[in-house]
J.: 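One structure is given below, represented as structure tokens, and several questions about it will come after.
Predicted, not measured: the structure shown is a model, and the values here were computed from it.
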Amino acid sequence: MTKQIDSDRLIIIGTGVAGLSAALAAAERGIPVTLVTAGDARSGSSWWAQGGIAAAVGKNDSPDLHAADTMAVGGRLNDAEAVRVMVEHGREAVLRLLASGVPFEGGPDGPELTLEAGHSRRRILHANGGATGEMISAAMFERALANPLVEVVANTAVERLVVERGRVVGVESRRGVLTGRAVVLATGGYAGLWARSSNPPGSNGTGAALAWEAGAAVADLEFVQFHPTALELPGAPAFLLSEALRGEGALLVDSNGRDAVAPLLPRDVVARAITRHRREKGPVFLSLRHIGPKVRTRFAAIARELAQYGLDLATDLIPVAPAAHYCMGGVRTDTWGRTTVPGLYAAGEVACTGVQGANRLASNSLLECLVFGERAAQAAGSDEREARASFNLRDLPEDVPMPAHTPGPNDGHYAAGRLAERLQADLCVEREPQAMAALVAELPAQDDPAPPSHLVASLAALAALMRQESRGAHYRVDFHAASLNWRGRIVWRRGVSSRFEEVS
């Protein structure tokens with residue numbers, strides 16, 4: 001990628017569902033697109049997503065019911081307008097996927113809808129026995145490749161956003177500079193920073209760090225969802241055991257097969273319950289023994305993965321423990337993907353639209369990518385040059401004592417493995433103030449030069465220490481309940497003290 005100047009071109013960083021949704025929406029409007037990705041074009045969190053996609057397409061369902069479930073699980077920290085946009089436009093987006101031939105499970109009467117934790121209706125669509133994200137991504141990617149307006153540049157890590165006169169106009173990598181009408185970030189989240197994570201290695205906060213360096217606001221970084229049921233086996237990765245397993249009847253039991261944890265409570269509740277059971281009573285296992293051999297077919301992709309470790313999904317007790325899975329926080333945007341910097345848009349897990357609140361409702365992530373990826377492209381193609389998002393911010397609700405920055409011998413820059421271990425120990429399912437304070441003190445201060453992973457980890461740890469309550473995925477052992485004083489989001493911007501955005 002040498003230096004190119006194309007005032008009409010839209011540059012999109014990331015080839016997951018959010019990036020592909022943006023690319024297809026732009027190309028349909030005659031806008032040329034360059035999709036840039038740091039790794040293989042067929043990689044990223046969307047391609048790993050095994051669970052499903054939620055949409056109110058059932059006869060006894062409605063967008064209003066879907067919105068109510070989303071808000072309840074989100075700890076009422078959701079942006080109500082963003083939720084409305086997602087559930088209403090998401091229903092139509094999923095119907096278009098069905099019409100385009102994405103192979104969702106079902107028959108002539110329509111897709112098979114399943115139940116997952118936090119949902120009051122069966123509204124989850126699945127594809128290929130637990131490979132929903134891959135099936136949706138692959139179908140969209142083929143459409144993108146077939147469109148002459150879409151160019152794909154793989155194995156190209158963006159190192160910097162190009163900013164001219166306060167506006168993002170392009171990207172810079174080791175292969176050169178590419179400029180265009182606007183940039184859409186669709187780089188995923190930062191849950192891959194934890195030692196136990198269900199994410200690919202690229203989920204390291206690079207997108208949020210790029211936006212931060214360009215002057216964009218970030219928010220809600222303390223809210224990281226830990227999926228309760230990831231494989232816990234020595235020498236094996238934290239392979240995700242989909243929420244759909246519990247939705248179809250899987251139990252959470254102890255080593256004797258006795259019920260240990262209620263399986264269909266919201267993810268944050270189940271993750272904490274498993275953590276406490278493991279600490280106080282011993283291991284927790286996922287069991288589908290009572291369902292029988294049909295689960296090997298129903299969840300074929302999961303069954304194949306477990307077989308590599310000598311486990312049979314239908315007959316064995318599968319050892320599980322929580323793993324970092326999804327980030328509610330990211331680059332603050334409005335419902336059109338606009339960030340606080342003109343020319344920069346964001347969609348998918350890298351963005352904080354407010355739609356997920358303090359805790360994501362199961363299977364809402366791919367839906368968010370579909371809806372807000374498309375909207376970001378629409379806005380980027382039609383906005384005036386100076387268009388940007390703005391939010392009503394005020395001082396934080398309380399004075400929070402901050403620890404002094406006391407970098408260690410490496411100036412607070414841990415090796416990647418060491419950082420992952422510290423996050424796993426000190427910023428996990430249950431959070432203890434002294435441990436968080438020590439972590440904050442040892443990581444780089446927000447204005448210090450630091451690798452992207454350290455910057456994002458530092459801001460997430462500091463926000464978690466500042467938020468003096470427990471809400472959704474953020475649980476503090478010294479504050480067991482949510483507080484009305486903290487019903488809002490902590491917003492950060494480079495060179496500016498943190499501010500507070502109230503949620504009505």
Side-chain angles (χ1 to χ4, degrees), residues 45 48-51 116-118 130 189-201 203 223-247 250-289 299 302-303 305-313 315-327 359-360 362 417 419-432 435 464 470 472-477:
S45 296
W48 283 39
Q50 58 174 237
E116 291 184 2
Y190 49 93
L193 296 177
W194 275 254
R196 269 187 61 79
S197 173
S198 64
N199 285 253
S203 297
F223 293 111
V224 178
Q225 184 179 82
F226 291 82
H227 198 289
T229 54
L231 182 65
E232 170 71 354
L233 202 63
F239 174 68
L240 191 69
L241 294 162
S242 168
E243 193 99 20
L245 294 168
R246 285 176 283 135
L251 303 175
L252 292 169
V253 301
D254 62 18
S255 57
N256 295 311
R258 294 188 296 258
D259 289 346
V261 176
L264 284 179
L265 295 172
R267 285 180 176 176
D268 62 312
V269 179
V270 178
R272 289 195 296 274
I274 290 177
T275 297
R276 292 169 187 169
H277 192 285
R278 284 168 49 82
R279 182 175 64 237
E280 298 168 4
K281 299 179 181 179
V284 174
F285 302 85
L286 196 73
S287 175
L288 293 94
R289 288 174 167 175
F299 300 102
I302 297 173
E305 183 71 21
L306 290 176
Q308 296 182 39
Y309 304 104
L311 293 171
D312 188 325
L313 182 63
T315 61
D316 289 329
L317 295 181
I318 313 297
V320 295
H325 179 56
Y326 184 88
C327 302
N359 188 40
R360 176 174 65 86
L419 176 63
E421 292 169 2
R422 286 302 304 272
L423 291 174
Q424 190 68 36
D426 299 335
L427 197 65
C428 202
V429 176
E430 295 183 322
R431 298 170 173 183
E432 193 270 333
S470 289
H474 171 67
Y475 184 84
R476 288 183 57 148
V477 299

J.: By side-chain hydrogen bond (donor to acceptor under 3.5 Å, both in side chains), which residues pair with Ser203, not counting sequence neighbours?
T.: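 Partners of Ser203 under the side-chain hydrogen bond (donor to acceptor under 3.5 Å, both in side chains) test: Ser45, Asn199.
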
J.: Where is the tightest heavy-atom contact between Val270 and Ala262, given as atom of each residue plus distance?
T.: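 For Val270 and Ala262, the tightest heavy-atom pair comes out as CG2-O, 3.7 Å.
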
J.: If you take all heavy atoms of Pro237 and Tyr309, which pair is closest and at what distance?
T.: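 Reported closest heavy-atom pair: CD-OH, 3.1 Å.
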
J.: Quick one: side chain to side chain contact (heavy atoms under 4.5 Å, CB included) partners of Asp312, sequence neighbours excluded?
T.: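 Residues passing side chain to side chain contact (heavy atoms under 4.5 Å, CB included) with Asp312: Arg296, Ala314, Thr315, Asp316.
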
J.: How many angstroms lie between CZ in Phe226 and CD in Gln424, if you round to the nearest 0.5 Å?
T.: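 So the gap between those two atoms works out to 6.5 Å.
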
J.: If you round to the nearest 0.5 Å, how far is CG of Leu288 from CG of Leu251?
T.: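 Going from the CG atom of Leu251 to the CG atom of Leu288 covers 7.5 Å.
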
J.: For Ser255, enumerate each residue passing the side chain to side chain contact (heavy atoms under 4.5 Å, CB included) test, keeping only those at least two apart in sequence or located in another chain.
T.: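 Ser255: side chain to side chain contact (heavy atoms under 4.5 Å, CB included) contacts with Phe285.
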
J.: Can you name the salt bridge (Lys or Arg N to Asp or Glu O under 4.0 Å) partners of Arg246, sequence neighbours left out?
T.: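 Arg246 satisfies salt bridge (Lys or Arg N to Asp or Glu O under 4.0 Å) with Glu243 only.
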
J.: As an exercise, state the distance from CZ of Arg272 to CG of Asp268, rounded to the nearest 0.5 Å.
T.: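 Going from CZ on Arg272 over to CG on Asp268, the span is 4.5 Å.
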
J.: Mind checking salt bridge (Lys or Arg N to Asp or Glu O under 4.0 Å) for Glu232 and listing every partner two or more places apart, or none if nothing turns up?
T.: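 Salt bridge (Lys or Arg N to Asp or Glu O under 4.0 Å) check on Glu232 returns Arg196, Arg278.
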
J.: Could you tell me the separation between the CG atom of Leu311 and the CG atom of Leu317, rounded to the nearest 0.5 Å?
T.: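 So the gap between those two atoms works out to 10.0 Å.
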
J.: Using side chain to side chain contact (heavy atoms under 4.5 Å, CB included) as the criterion, list what pairs up with Ala420, not counting sequence neighbours.
T.: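 Counting only residues at least two positions away or on another chain, Ala420 forms a side chain to side chain contact (heavy atoms under 4.5 Å, CB included) with Ala195.
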
J.: Do Asn256 side-chain atoms and Arg258 backbone N/O form a donor-acceptor pair below 3.5 Å?
T.: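 No, because the side chain of Asn256 does not come within donor-acceptor range (under 3.5 Å) of the backbone of Arg258.
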
J.: Test of understanding: with side chain to side chain contact (heavy atoms under 4.5 Å, CB included), list the residues that count as partners of Ala307, not counting sequence neighbours.
T.: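 In terms of side chain to side chain contact (heavy atoms under 4.5 Å, CB included), with neighbours along the sequence ignored, Ala307 is linked to no residue.
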
J.: To the nearest 0.5 Å, what is the distance between CG on Leu313 and CZ on Arg289?
T.: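 CZ of Arg289 is found 12.0 Å from CG of Leu313.
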
J.: Out of curiosity, Leu252 CG to Asp259 CG, how far, rounded to the nearest 0.5 Å?
T.: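 Leu252 CG to Asp259 CG: 9.0 Å, rounded to 0.5 Å.
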
J.: For Pro228 versus Ile274, what's the shortest heavy-atom pair and its separation?
T.: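 Shortest heavy-atom contact: O-CD1, 3.4 Å.
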
J.: Using the side-chain contact (heavy atoms from CB on, under 4.5 Å) rule, take Val224 and Trp194 through it: C-alpha gap first, then chi angles, then the decisive distance, then the call.
T.: CA-CA 10 Å; Val224 178; Trp194 275 254; 3.8 Å; yes

J.: For His227 versus Leu241, what's the shortest heavy-atom pair and its separation?
T.: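 Looking at all heavy atoms of both residues, the shortest contact is CE1-O, 3.6 Å.
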
J.: For Arg476, check salt bridge (Lys or Arg N to Asp or Glu O under 4.0 Å) against everything at least two apart and list the hits.
T.: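 Here the qualifying residues are Asp478.
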
J.: Looking only at non-hydrogen atoms, find the nearest pair between Ala238 and Ala323 and report the distance.
T.: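 Answer, listing the atom of Ala238 first, then Ala323: CB-CB, 4.0 Å.
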
J.: What closest approach, in Å, do Ala117 and Leu265 show between heavy atoms, and which atom pair accounts for it?
T.: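 Nearest pair, atom of Ala117 first, then Leu265: CB-O, 3.1 Å.
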
J.: May I ask you to test the Thr229-Ile318 pair for a side-chain heavy-atom distance under 4.5 Å?
T.: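 They are not in side-chain contact.
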
J.: Would you mind reporting whether Tyr190 and Ser197 have side-chain heavy atoms less than 4.5 Å apart?
T.: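 Contact flag for Ser197/Tyr190 side chains = no.
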
J.: The criterion is ring-ring contact (aromatic ring centres under 6.0 Å, His included); which residues satisfy it with His474, sequence neighbours excluded?
T.: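 Listed in chain order: nothing, the list is empty.
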
J.: Gln225: what forms a side-chain hydrogen bond (donor to acceptor under 3.5 Å, both in side chains) with it, not counting sequence neighbours?
T.: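 Once residues adjacent in sequence are excluded, the partners of Gln225 under the side-chain hydrogen bond (donor to acceptor under 3.5 Å, both in side chains) criterion are Arg267, Asn359.
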
J.: Please identify each residue that fulfils salt bridge (Lys or Arg N to Asp or Glu O under 4.0 Å) with Arg276, with sequence neighbours left out.
T.: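 Arg276 satisfies salt bridge (Lys or Arg N to Asp or Glu O under 4.0 Å) with Glu430 only.
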
